Every structure is written in structure tokens, then in C-alpha cells.
Amino acid sequence: MLEYAKSYNIRHRRTGARSVPLLKRCRVSPVIRKDNRLFNIYMQIELSDHFNFKKLMRFIMPSMLMMVVVSIYGVIDGFFVSNYVGKTAFAALNLVIPFSMILGGTGFMIGTGGTALVSKVQGEGDKEKADRYFTMLIIFAAALGVVLTAAGVAVMRPVSYLLGATEDMIEYCVLYGRVLIAFNAFFMLQNIFQSFLAAAGKPKLGLTVTIIAGCANALLDALFIVVFKWGLAGAALARASGR
């Protein structure tokens, strides 16, 4: 892809005739002219492009930042719960989160494998088949999310004991875990769409959505816990809404 052109008016060396503007012959995103130079103000990265180190970092950095933002969700919940609910509730929160991440992690699995499959079929030129695969994966993930949600809610109490919950913590674990896992299907779909956005050459869009969700999580934590006094249930609802 051309980043900029030094000269806009190009003449043929032998005849002197003006040739077609270079930018009309190249696939270049919108540009502006300044001091007789055309600068690329936006370059969309596509998987079909040749990748150097700089372009590779620009492509994978949004996905890396998405994982960082998702991990911050727990820090935000922990801050509000530890300061406004109590240390026992904070301990229960940290005990339950790994179990909910295991259930939601199936979305990462489906998204990663599904993205590779759909990209392969689409690269072969069969767009209709790729669309069918994508639809099938979304329906399968939604159905699996419902099943895992029902199972997670049902076994929340024994799993909490298995993870080491004490009698003081168990009710907090069950409350937070059941509310959070109730939205597990949405968390799975979020993970899947993040993978497909990266494969579509739009990793920045996925990062933007994740950052917005993180900000919503922080604001709802403050609203539900500090203002409404909903305690640990409010923290779970805020985190689930941010998903």
C-alpha cells in the first residue's frame, strides 16, 4: 500500500503527456494534499497485506490491550467491593471469578477456532459457505452458553466449597457467582466477536467496544455499590452489564 506520493502530476517520460494520477491506480485510503505531497491519513490493515514488524504490532496491539482491559474488570470490582462491602465479600469475589472465567473461556475457544475456519473458507472464495459457518458458530455458542449458565448456577454452591469457601464466605460466593454466571452467554459472544473483528481487519473496533464496556463497568460499580448500596450483587450486575 502506498503511504504517500511525492508528486501528483506525473508525465510520461517520452511523450510528456500527463498520465493517470497515481492514487487512482493504487488502492489507497483517503488522503490530503499538503506542500504538493499526499499523506495517508488512515491506513486500514488487511490480512492479505504484506506484514512487516511495525504493521504486525499495529495489528496485534489492540487485541493485546483488549486482554489487559478485560483483566482490569476484576480490579475495578475488587476496589469497590473491598472498600464499600467488606473483606469477606472481597475474598468471595476472588474465589468465584476463576470459575466464571472457565465457563466464559469457551467463547475464546470457539472464537479462535471458528475464526480460522471462516477465514480459510472465505479465502477460498466461498463467501456463502463462510457466512453459514459464522451463523452456525454464533447459534452454537449461544446454545452452549445457555447450557453452561444453567449448569454453573446449579453447581455454584458445591463448586464454592470445592474452591475453599468458608461458612462466612459461602453465601457471598453463591450470590456473586450466580448473578455473574447468569450472563455467561453474553460474555462468550463478546469473546467470539472480538476474534472475528480481528480476523476482519478491524481489531481497533473490538478494542473500542472493550474500553467502553470497561468504563461502563466502573460507572455501574460506583452506582450500584456506592449509591444504591446493593453490595456484592451490585458488583456482579455491574460486571455482567459491562460484558
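Given the structure is predicted, the values throughout are model-derived calculations rather than measurements. The first residue of the sequence shown is numbered 1, and numbering continues consecutively from there.
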>> Test side-chain contact (heavy atoms from CB on, under 4.5 Å) on D77 and N217; report intermediate values, then the result.
In response: CA-CA 8 Å; D77 283 351; N217 182 24; 3.6 Å; yes

> Taking only residues at least two apart or on different chains, which pairs with a member in residues 190-216 satisfy ring-ring contact (aromatic ring centres under 6.0 Å, His included)?
Replying inline: F134-F196

>> I need the minimum non-hydrogen distance between A92 and C173, along with the two atoms involved.
In response: CB-SG, 3.6 Å

> For the residue pair S71 and V68, what are the closest heavy atoms and their distance?
Replying inline: OG-O, 2.6 Å

> Does any non-hydrogen side-chain atom of F187 lie less than 4.5 Å from one of M101?
Replying inline: yes

>> On a heavy-atom basis, which atom in F90 and which in G78 lie closest, and how many Å separate them?
In response: CE1-CA, 3.4 Å

>> If I compare all heavy atoms of G164 with all of L95, which pair ends up nearest, and what's the gap?
In response: C-CD2, 4.1 Å

> Distance-only, no hydrogens or angles: does the N83 side chain make a donor-acceptor pair with backbone N or O of F79 under 3.5 Å?
Replying inline: yes

>> In the structure I gave you, are the side-chain heavy atoms of E128 and Y133 within less than 4.5 Å of one another anywhere?
In response: no

> In Å, rounded to the nearest 0.5 Å, how long is the span from CG of L148 to CD1 of I102?
Replying inline: 11.5 Å

> Do M66 and V209 belong together in a cluster built from hydrophobic side chains that touch within less than 4.5 Å?
Replying inline: no

>> Measuring only between side-chain heavy atoms, which start at C-beta, is F108 closer than 4.5 Å to M67?
In response: yes

>> Using side-chain heavy atoms (C-beta onward) and a distance below 4.5 Å, is R239 in contact with I97?
In response: yes

> Which of these, V118, I192, T115, sits in a side-chain contact (heavy atoms from CB on, under 4.5 Å) with L137?
Replying inline: V118

> Is the closest side-chain heavy-atom distance between F99 and M156 below 4.5 Å?
Replying inline: yes

>> Under a 3.5 Å distance rule, please check whether N184 uses its side chain to pair with a backbone N or O of G104 as donor and acceptor.
In response: yes

> Residues in side chain to side chain donor-acceptor pair (under 3.5 Å) with K120, at least two apart?
Replying inline: E124

>> Please give me the minimum heavy-atom distance between T106 and L103, naming the atom from each residue.
In response: OG1-O, 2.7 Å

> Within a strict 4.5 Å, meaning less than it, do heavy atoms of the I225 and W230 side chains meet?
Replying inline: no

>> Give me each pair satisfying side-chain hydrogen bond (donor to acceptor under 3.5 Å, both in side chains) with a member in residues 163-175, each pair once, sequence neighbours excluded.
In response: R157-E171, Y161-E167

> Do you know the tightest heavy-atom contact between I181 and S100?
Replying inline: CG1-CB, 4.2 Å

